[in-house]
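This report refers to the structure that appears directly beneath it.
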Amino acid sequence: MSHIVLDHPLVHHKLSYLRDRKTSGSQFRLLVEELGMLLAVEATRVLPTESVAIETPLERTQARRLLPLDSVLVPVLRAGLGLVPSFLKLLPTAKVGHLGLYRDHNTLVPVPYYRNFPPILEERHVFVLDPMLATGGSASEAVRQLKSAGARTITLASVLAAPEGIERVQNDHPDLRIVVAAVDRCLNERGYILPGLGDAGDRMFGTT
Ligand code: PRP
Ligand code: URA
């Protein structure tokens with residue numbers, strides 16, 4: 001499946017501040033949340049709706065509402081937590097699972113350390129939230145775990161991606177929908193996205 005890149009003046013504007021090393025932790029979290037809102041609008045485009053009869057103050061009409069089947073948000077800890085508030089704002093009844101993964105600094109292989117998924121993943125749309133798609137190892141592992149828990153329809157929402165990460169995840173999971181705010185140039189020798197924004201989790205939580 002091809003990936004979707006948001007191409008929008010607000011995305012470019014906010015990304016320019018997010019990338020800036022002078023941006024403070026609190027500004028960084030706010031920008032991730034704002035970009036999350038823009039990502040959520042596109043990521044949720046595929047949610048099924050149904051026709052309902054309503055009455056406006058003027059007349060009866062047909063309108064469309066989301067099917068009453070709550071979506072599932074799965075942030076990849078830690079940095080994925082930054083995208084949860086915006087998705088929950090638009091999908092207030094969504095269930096939230098958590099997946100803890102960290103990249104081993106030497107091998108860049110994701111190491112799982114926590115997992116708590118809501119039940120009945122089969123019928124629900126699952127949104128994997130992770131601001132960074134670098135080598136693609138973490139996203140690929142998250143999708144693998146969700147599929148093994150029964151998830152069938154999954155969208156990955158990321159702020160920044162490297163071409164290498166998109167290719168890896170598409171190879172591993174050809175059925176995955178991918179929505180990203182921007183695609184950067186490449187990875188450096190330590191698996192960081194260039195030009196990138198540095199370590200998203202560290203900047204978000206002040207652990208640099
Ligand atoms: C970062 C990021 C992704 C992962 C992307 O997490 O949030 O989960 O790296 O890299 P990959 O595509 O090469 O797997 P990290 O492992 O640094 O953990 P953190 O969020 O706790 O800082
Ligand atoms: N994880 C990050 O937080 N930043 C990168 O550039 C790559 C992986």
Side-chain angles (χ1 to χ4, degrees), residues 3 5 11 14-33 35-36 39-40 43 73-87 96-117 126-147 154-173 176-208:
H3 61 281
V5 183
V11 170
K14 290 180 190 303
L15 265 179
S16 80
Y17 289 100
L18 193 74
R19 294 179 189 281
D20 193 328
R21 66 186 309 159
K22 296 193 295 295
T23 295
S24 69
S26 63
Q27 284 174 315
F28 191 91
R29 287 191 294 275
L30 182 61
L31 287 160
V32 168
E33 202 171 319
L35 284 158
L39 275 172
L73 313 178
V74 179
V76 177
L77 307 181
R78 295 171 299 164
L81 291 172
L83 293 171
V84 174
S86 18
F87 275 74
V96 184
H98 292 85
L99 182 62
L101 297 177
Y102 72 85
R103 280 200 318 180
D104 180 286
H105 282 301
N106 297 316
T107 64
L108 301 184
V109 173
V111 181
Y113 61 88
Y114 182 75
R115 166 173 159 167
N116 187 341
F117 295 156
V126 179
F127 295 93
V128 176
L129 309 181
D130 193 336
M132 308 303 278
L133 176 57
T135 65
S138 303
S140 186
E141 171 63 13
V143 173
R144 189 194 66 73
Q145 290 207 24
L146 282 161
K147 284 181 174 173
I154 307 175
T155 295
L156 167 67
S158 293
V159 173
L160 271 193
E164 297 92 324
I166 294 176
E167 194 182 335
R168 156 89 190 265
V169 176
Q170 282 177 332
N171 280 337
D172 290 352
H173 303 287
L176 177 71
R177 214 171 137 254
I178 304 173
V179 180
V180 299
V183 181
D184 273 9
R185 194 172 75 250
C186 62
L187 296 176
N188 71 8
E189 65 292 346
R190 290 170 50 232
Y192 279 86
I193 298 175
L194 295 177
L197 51 78
D199 189 305
D202 282 348
R203 293 192 65 184
M204 199 173 287
F205 298 112
T207 45
T208 21

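Each ligand, and each atom within it, is numbered from 1 in the order the structure gives.
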**Request:** Can you measure from CD (Q27) to CZ (R203) and round to the nearest 0.5 angstrom?
**Result:**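 Here the interatomic distance stands at 10.0 Å.
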
**Message:** Nearest 0.5 Å, please: how far is CD1 in I178 from NE2 in H173?
**Reply:**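 Those atoms lie 9.5 Å apart.
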
How far is [atom] from its nearest protein heavy atom, and which residue and atom name does that atom have?
atom                    : value
atom 1 (C) of ligand 1  : M132 CB, 4.8 Å
atom 10 (O) of ligand 1 : R103 CD, 3.3 Å
atom 18 (O) of ligand 1 : L101 O, 4.0 Å
atom 19 (P) of ligand 1 : R78 NE, 3.6 Å
atom 17 (O) of ligand 1 : D199 OD2, 3.9 Å
atom 14 (O) of ligand 1 : S138 OG, 2.6 Å

**Request:** Assess the side chains of T135 and R103: does a donor N or O sit below 3.5 Å from an acceptor N or O?
**Result:**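 On atom types as modelled, these side chains do not qualify, holding no pair under 3.5 Å.
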
**Prompt:** Are D130 and ligand 1 in contact, using a heavy-atom cut-off of under 4.0 Å?
**Reply:**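 True for this residue.
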
**Prompt:** Are G136 and ligand 1 in contact, using a heavy-atom cut-off of under 4.0 Å?
**Reply:**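 Checking ligand 1 against G136, which is what was asked, there is a heavy-atom contact under 4.0 Å.
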
**Request:** Using a cut-off of 6.0 Å, state whether more than 12 heavy atoms not belonging to Y17 lie near its atom OH.
**Result:**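 Atom OH in Y17 is not crowded, with 12 or fewer foreign heavy atoms closer than 6.0 Å.
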
Do you know the tightest heavy-atom contact between [X] and [Y]?
X    : Y    : result
F127 : A43  : CE2-O, 3.3 Å
F28  : T23  : N-CG2, 3.8 Å
E141 : P110 : CB-CG, 4.1 Å

Would you check whether [X] has a nitrogen or oxygen atom less than 3.5 angstrom from a nitrogen or oxygen atom of ligand 1?
X    : value
Y113 : no
T135 : yes
P131 : no

**Message:** Exactly one of L99, L77, L101 should register a side-chain contact (heavy atoms from CB on, under 4.5 Å) with Y114. Which one does?
**Reply:**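 Between Y114 and the candidates, side-chain contact (heavy atoms from CB on, under 4.5 Å) is satisfied uniquely by L77.
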
Main-chain N/O of [Y] paired with [X] side-chain donor or acceptor, under 3.5 Å:
X    : Y    : answer
R190 : H105 : no
S158 : D130 : yes
R19  : G196 : yes
R29  : M204 : yes

Under 3.5 Å, side-chain donor or acceptor atoms of residues 159-170 against the rest of the protein: list the pairs with distances, not counting sequence neighbours.
residue: E164; atom: OE2; partner: L187; partner atom: N; Å: 3.1
residue: R168; atom: NE; partner: D172; partner atom: OD2; Å: 2.8
residue: Q170; atom: NE2; partner: M1; partner atom: O; Å: 2.8

**Proximal protein residues to ligand 2, non-hydrogen atoms under 4.0 angstrom** =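 R103, M132, A134, G191, Y192, I193, G198, D199, A200.
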
**Asked** Which of the atoms of ligand 1 are close to Y102, meaning less than 4.0 Å from one of its heavy atoms?
**Response**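 Once the distances to Y102 are compared, the set is 16 (O).
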
**Request:** List every atom of ligand 1 that sits less than 4.0 Å from any heavy atom of G201, numbering the atoms from 1 in the order shown and giving each element.
**Result:**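 What qualifies from ligand 1 is 22 (O).
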
**Asked** Is atom 4 (C) of ligand 1 less than 4.0 angstrom from at least one protein heavy atom?
**Response**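 True for atom 4 (C) of ligand 1.
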
